[in-house]
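I have placed the structure first, in the form of structure tokens, so that the comments after it can refer back to it.
Small disclaimer: the values here were computed from a predicted structure and weren't measured. Atom set for the values below is all heavy atoms of this structure, side chains included, hydrogens, waters and symmetry mates excluded.
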Amino acid sequence: MLIDWVTSRISLEDCSESVRAAAVQLGDRVVRYCPITGEVRYEVQAWDSIRSDSHQISVRCTSDLWIQGSPARIMGDGCAVFGSGASRALDLMGCVTRMIAFVTDYLGAGALPDPSLFRVSRVDVTSNLLLGSHQEVLQGLQILRNCEGGRYRISQQRGETCYWNHGSKLRSGKAYSKGPHLIEMMKKPDYTGRQYSPLEIQAAMPLLRLELSLKREFFLRNDWRELTPADLNREWCEYFERMIGGADMVNESDLKTKILKVAPTDGQGKAAYGCWAMIQSQGWEKARDCYTKTTWYRNLKILRSAGLGDADISAGKVVALRQRIIEAQQVSDWSQLVAA
């Protein structure tokens with residue numbers, strides 16, 4: 001697991017005069033103007049990429065100095081698949097500190113303010129799951145594309161990637177096949193990142209990448225300076241494990257027994273099982289319309305307690321993905337992946 005993206009900013013008023021002078025010189029300007037009168041409507045500074053061999057971070061200056069990018073790209077050899085240092089350790093303060101140091105060296109105008117004074121508005125927490133083959137990754141993505149309902153809203157699908165709640169200001173999710181992503185990334189003419197070997201590309205083909213983005217609204221509710229690696233790991237687990245389901249594999253033959261066992265009352269258990277049968281026959285959306293909001297969510301809570309995941313509930317059946325995910329190995333470095 002690693003921190004794969006951080007967006008942070010600091011008010012220019014908190015920066016020294018020399019830093020402010022250097023920051024306002026960054027990047028090109030994007031200008032909107034009236035072609036008849038020549039009146040400038042507004043002018044904004046574009047993002048400027050800071051490249052150094054395989055390393056890259058982007059900066060922009062408005063009333064704030066913005067810094068964003070993958071901290072993994074500026075640590076170790078720049079590997080953004082598994083990361084290193086603070087990125088791999090899920091050390092958010094360490095990632096912000098390293099990114100600030102990188103920009104400080106680039107500006108050459110003296111020290112930036114203490115990292116604790118920066119504001120964070122986005123963090124991506126990512127994990128790589130090793131499945132049996134690239135074909136299993138594609139099968140898993142097909143199942144995940146159908147996972148909707150509750151906290152999940154499929155908002156975009158493109159190639160071997162699917163997104164949930166893409167426009168949310170709180171959380172969003174992303175799943176994709178890592179091997180093909182590395183190939184496409186390295187084909188870009190402006191790519192300056194780490195060069196992955198053919199052996200590494202081949203080894204990455206069975207990787208299913210699951211990425212959670214914690215966004216602006218999340219950081220309005222949570223002080224980023226107090227988030228521990230365990231907190232970030234828990235956020236990722238809660239988001240994707242609810243989608244996939246419980247650790248115990250559920251069989252259709254004993255599902256009714258499990259539902260009745262976990263339900264608070266026998267009547268609620270029978271009602272939840274009836275809801276499951278309706279989802280199977282009518283589909284998730286039609287079944288939802290047959291219940292009041294309170295009853296619907298009570299039934300879903302019981303079904304999840306019985307071990308069903310949102311992918312199961314969306315599909316109306318126990319999906320094959322679950323067993324593969326439960327058995328999948330979270331790999332954290334290239335040697336581990338190649339050995340597997």
Side-chain angles (χ1 to χ4, degrees), residues 1-14 44-45 47 57-72 83 86-87 89-100 113-127 144-145 147-158 161-176 209-244 288 293 296-297 300-301 304 309-311 314:
M1 194 168 288
L2 72 150
I3 294 176
D4 193 39
W5 188 274
V6 176
T7 298
S8 65
R9 70 188 191 276
I10 186 74
S11 172
L12 286 182
E13 294 182 356
D14 294 328
V44 65
Q45 189 183 62
W47 285 100
I57 287 291
S58 295
V59 294
R60 186 178 69 167
C61 182
T62 56
S63 57
D64 295 330
L65 175 61
W66 293 74
I67 303 173
Q68 72 173 23
S70 170
S87 171
L90 298 185
D91 177 3
L92 182 52
M93 178 61 78
C95 288
V96 172
T97 300
R98 180 67 187 94
M99 293 170 75
I100 292 171
D114 188 85
S116 64
L117 298 177
F118 278 69
R119 288 171 286 171
V120 169
S121 56
R122 175 183 160 188
V123 171
D124 290 358
V125 184
T126 301
S127 186
L144 290 173
R145 285 188 182 98
C147 185
E148 287 197 81
R151 71 196 294 179
Y152 305 108
R153 294 283 186 274
I154 290 286
S155 54
Q156 193 175 2
Q157 298 182 27
R158 184 179 63 191
T161 304
C162 56
Y163 301 81
W164 298 272
N165 307 91
H166 191 63
S168 171
K169 296 178 181 178
L170 182 63
R171 295 180 183 87
S172 64
K174 178 179 176 182
Y176 59 98
R209 182 99 155 183
L210 297 178
E211 184 173 284
L212 169 66
S213 288
L214 303 173
K215 298 184 174 180
R216 178 168 59 91
E217 185 63 32
F218 177 87
F219 289 103
L220 290 176
R221 305 178 188 183
N222 300 273
D223 187 340
W224 73 269
R225 293 161 294 190
E226 297 179 0
L227 292 174
T228 66
D231 293 330
L232 295 176
N233 182 76
R234 183 177 63 253
E235 290 290 335
W236 185 94
C237 290
E238 288 181 355
Y239 190 88
F240 288 108
E241 286 183 359
R242 174 172 151 177
M243 181 188 299
I244 296 165
R288 180 186 58 181
K293 185 175 181 179
W296 172 251
Y297 283 106
L300 291 188
K301 182 177 180 181
R304 292 189 186 106
D310 285 349
S314 297

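Formation of a donor-acceptor pair under 3.5 Å by the D231 side chain with backbone atoms of T228 is found in this model. The backbone N or O of S213 lies less than 3.5 Å from no partner atom in the side chain of W5, so there is not a single donor-acceptor pair. Put simply, the side chain of D91 gets close to the backbone of G94: a donor and an acceptor are under 3.5 Å apart. For the pair D114 (side chain) and S116 (backbone), a donor-acceptor distance under 3.5 Å is present. With hydrogens and angles ignored, the 3.5 Å screen pairs a side-chain donor or acceptor of N222 with a backbone N or O of F218.
Taking the six-membered ring where tryptophan is involved, the planes of Y163 and H166 are perpendicular, since the angle between them exceeds 60° and thus also 30°.
The two atoms that bring S121 and W66 nearest to each other are OG-CZ3, 4.1 Å, heavy atoms only.
The closest side-chain heavy-atom distance from L227 to E235 is not below 4.5 Å. In this structure, the side chains of L170 and N165 stay at 4.5 Å or more apart for every pair of heavy atoms. A 4.5 Å side-chain heavy-atom check between W236 and L90 finds every atom pair outside the cut-off.
Under the rule for a side chain to side chain donor-acceptor pair (under 3.5 Å), the partners of S172 that lie at least two apart in sequence or sit in another chain are K215.
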Give the C-alpha distance, both sets of side-chain angles, the deciding distance and a yes or no for salt bridge (Lys or Arg N to Asp or Glu O under 4.0 Å) between D4 and K174.
CA-CA 12 Å; D4 193 39; K174 178 179 176 182; over 6 Å; no
